[in-house]
Protein chains: 2
Amino acid sequence: MDEIDELLSIRAAELYYEENKTQDEIGQALRLTRWKVGRLLAQAKQRGFIRIEILHPRARRLPIERRLREERGLIDAIVVSSAGVGSSEELQARTAQAAADYLTALRPVPRTLGVSWGRTLFEISQQLRNGWAVGVNVVQINGGVSLNRRPGTAAATAVGIAQKGGGSATLLPSPAILERLATKEAIEADRVVAGVIELARSADVFLFSAGAADRTSVHVESGYLSEADVDELVRKGAVGDVVGRYIDSDGNIVDPALDARTVGLTLDELRRAPIGIAVVSGPAKHAVADAVVRSRLCSVLVTDESTALHLLDG
Amino acid sequence: MDEIDELLSIRAAELYYEENKTQDEIGQALRLTRWKVGRLLAQAKQRGFIRIEILHPRARRLPIERRLREERGLIDAIVVSSAGVGSSEELQARTAQAAADYLTALRPVPRTLGVSWGRTLFEISQQLRNGWAVGVNVVQINGGVSLNRRPGTAAATAVGIAQKGGGSATLLPSPAILERLATKEAIEADRVVAGVIELARSADVFLFSAGAADRTSVHVESGYLSEADVDELVRKGAVGDVVGRYIDSDGNIVDPALDARTVGLTLDELRRAPIGIAVVSGPAKHAVADAVVRSRLCSVLVTDESTALHLLDG
DNA sequence: GGCGATCCTGCTCATATGAGCATCGGGGCG
DNA sequence: CGCCCCGATGCTCATATGAGCAGGATCGCC
């Protein structure tokens with residue numbers, strides 16, 4: 001296309017999109033046939049001169065979702081638009097909202113839903129509406145009671161999701177990470193704990209997030225790991241954690257000894273799920289999101305536009 | 001519209017604009033009739049959920065232009081889009097480009113074109129193409145030879161416009177502002193100078209810019225005014241200058257004594273022009289742009305989107 | 001300069017869309 | 001309790017748009 005056509009296509013686009021003229025009218029104004037105008041408009045679109053944005057907190061980016069499904073082998077992908085987002089909190093809220101929407105629309109309605117905990121999961125539990133399902137049993141899939149600063153958010157998350165879904169919650173009464181392997185094995189041997197984990201294994205849907213491997217991690221905040229521990233994990237290649245288990249960019253366990261002291265489903269058990277929904281957003285989690293998708297820890301990903309583009313192009 | 005319809009209209013917009021589905025297909029997907037879909041789409045547009053931007057350096061904003069014409073009584077208005085603009089230099093360049101385009105398309109082609117000088121006018125002269133007109137005589141409408149730092153840009157502007165338009169330039173051989181009134185009157189009495197000004201009066205089109213009343217003004221840079229002079233003018237209510245004459249927000253001369261020492265067409269002579277094209281862009285010039293339009297110093301305004309919106313809403 | 005390949009143009013025709021109208025249904029009022 | 005009014009709905013029909021094709025200009029290549 002030469003410069004004259006480029007300018008014409010811009011003039012045509014202005015008249016078409018800003019002035020609501022018909023292609024025929026534009027043709028008369030610019031002394032072109034209406035077919036030429038149609039072709040100019042098509043080219044303007046194709047060459048990216050025209051950007052159409054949907055400005056709404058709950059808007060999604062369907063073309064990116066499609067690419068994620070096709071190029072990264074996901075069963076489903078939900079990508080929230082970051083158009084007009086102010087803060088990273090808003091992005092987080094949008095993503096949680098989208099995850100709640102997805103869960104609500106999920107068919108068949110899960111009978112047993114395995115959940116992790118953390119900031120993202122708590123927000124999802126808040127965004128869910130009463131009656132989002134009928135009779136869902138929610139079970140925690142990794143440990144984490146009471147050590148974190150605002151005690152009970154892990155429990156509140158599971159209970160909230162269950163209550164609003166007209167079902168009950170089964171909590172995993174155990175710390176996330178034990179200091180000694182023997183203690184962890186003892187806890188897992190406990191009848192109640194073993195029963196919960198067995199129930200978790202049988203869940204038909206898992207819902208979990210991922211954490212970045214940095215000092216702002218909930219594991220540091222909760223006191224399960226020190227900042228030095230995290231630094232060491234990063235040195236070994238960790239990009240983040242899923243259900244408390246730290247992975248590298250290929251999804252492999254970074255520190256098997258630490259992993260052995262972590263209570264809850266293993267990553268392989270997570271991978272075996274019929275449906276595994278990962279909710280991951282924010283620039284800090286680009287790397288871990290990539291690891292989660294690459295290693296097939298999830299079959300459904302709920303994320304934001306920038307993270308999604310990172311997965312596709314980065 | 002209730003929330004459910006709002007969400008539906010977003011889903012519909014996503015499918016329509018991002019996935020290129022037809023309204024009928026969307027209707028099937030969302031279990032709606034195609035008419036409902038059409039109405040949802042119309043509402044989404046109307047409520048501003050859908051933004052269509054034309055991303056091109058030479059794109060214009062026709063709806064804003066129309067409002068400027070209608071609400072501010074201009075014969076014509078050219079508003080360049082600021083979508084995707086990086087620097088203020090780029091905005092300046094786009095505006096100058098638009099002014100050059102406008103001049104090129106102007107019919108009837110001006111026989112005598114009166115021009116001022118300055119950064120904006122120089123840029124316009126650069127953007128004009130060879131042969132933009134045939135046989136245009138360009139005449140300077142205000143003084144300003146040789147005092148400014150890069151000497152000769154005032155002359156280069158007029159000569160450049162004339163050469164590219166296949167005509168000749170008539171320069172006004174005088175400083176912009178004289179120190180003493182008597183000197184100014186003597187200069188204006190000079191046969192050559194008087195002849196140039198007489199020719200300028202007869203121009204059928206004027207092309208000029210406006211300067212902000214601040215210390216970055218070309219008059220300070222050129223040494224015609226000191227920074228203290230400008231501060232004093234601002235104190236008296238000056239918002240900027242047109243052809244070297246400082247005006248307040250109503251377009252009135254701020255300092256009649258200074259004005260009397262300024263060589264060139266008077267503002268009233270400028271107002272009498274059949275066509276007066278003002279080219280004003282950048283946030284620093286919002287106030288002076290408003291004064292120029294309000295006091296009818298121009299009949300055509302070339303500006304940027306943000307300045308235009310300031311004129312309409314501010 | 002002749003020749004074919006390629007791109008561009010303006011057409012026909014099928015499809016998608018929007019305007020305007022009859023109908024339906026729910027809530028306020030006698 | 002019935003009636004009416006108003007907004008929402010789904011239609012008919014006119015219009016706008018896009019797909020595909022045939023003729024013609026343009027270019028490189030011999």
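Below, chain A is the first sequence line, B the second, and so on; all start at residue 1. Please read all numbers here as calculations on a predicted model, not as lab measurements.
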Rounded distance in Å - [atom1] ([X]) to [atom2] ([N]):
X	N	atom1	atom2	result
A:K36	D:dG18	NZ	P	16 Å
A:Q46	D:dG18	CD	C1'	16 Å
B:L15	C:dA16	CG	C1'	16 Å

Please write out the pairs of protein N or O atoms and N or O atoms of nucleotides 20-26 of chain D separated by less than 3.5 Å, giving the distance to one decimal.
| from | atom 1 | to | atom 2 | distance (Å) |
| --- | --- | --- | --- | --- |
| D:dG20 | O6 | A:R39 | NH2 | 3.4 |

Q: Can you sort out the partners of A:E305 under side-chain hydrogen bond (donor to acceptor under 3.5 Å, both in side chains), two or more places apart, ordered by chain and number?
A: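 Result, side-chain hydrogen bond (donor to acceptor under 3.5 Å, both in side chains) vs A:E305: A:R61, A:S82.
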
Flag the pair [X] and [Y] as a salt bridge only when some basic side-chain nitrogen lies within less than 4.0 angstrom of an acidic carboxylate oxygen.
X	Y	value
B:R34	B:E25	no
B:E19	A:R66	yes
A:E18	B:R51	no

Can I get a per-line list of side-chain donor-acceptor pairs under 3.5 Å for residues 96-104 of chain A, giving both atom names and the distance, sequence neighbours left out?
| from | atom 1 | to | atom 2 | distance (Å) |
| --- | --- | --- | --- | --- |
| A:Q97 | OE1 | A:R58 | NH2 | 3.3 |
| A:Q97 | NE2 | A:Q127 | OE1 | 3.2 |
| A:D101 | OD1 | A:R58 | NH2 | 2.9 |
| A:D101 | OD2 | A:R58 | NE | 3.4 |
| A:D101 | OD2 | A:R58 | NH2 | 3.1 |
| A:Y102 | OH | A:D76 | OD2 | 3.2 |
| A:T104 | OG1 | A:A100 | O | 2.7 |

Less than 3.5 Å apart, which donor and acceptor atoms pair up between the side chains of residues 307-314 of chain A and the rest of the protein, not counting sequence neighbours?
| from | atom 1 | to | atom 2 | distance (Å) |
| --- | --- | --- | --- | --- |
| A:T307 | OG1 | A:H286 | NE2 | 3.4 |
| A:T307 | OG1 | A:D304 | OD1 | 3.2 |
| A:T307 | OG1 | A:D304 | OD2 | 2.8 |

Q. For DNA chain C, which residues in residues 16-34 of chain B have a heavy atom at a distance below 4.0 Å?
A.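 Result for residues 16-34 of chain B: B:Y16, B:T22, B:Q23, B:R34, sorted by number.
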
Q) Is the closest side-chain heavy-atom distance between A:L62 and B:K21 below 4.5 Å? A)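 In short, these two side chains do not touch, never coming nearer than 4.5 Å.
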
Q. Which residue pairs pass the salt bridge (charged side-chain N to carboxylate O under 4.0 Å, His left out) test with at least one member in residues 79-93 of chain A, sequence neighbours excluded?
A.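 Qualifying pairs: A:E90-A:R94.
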
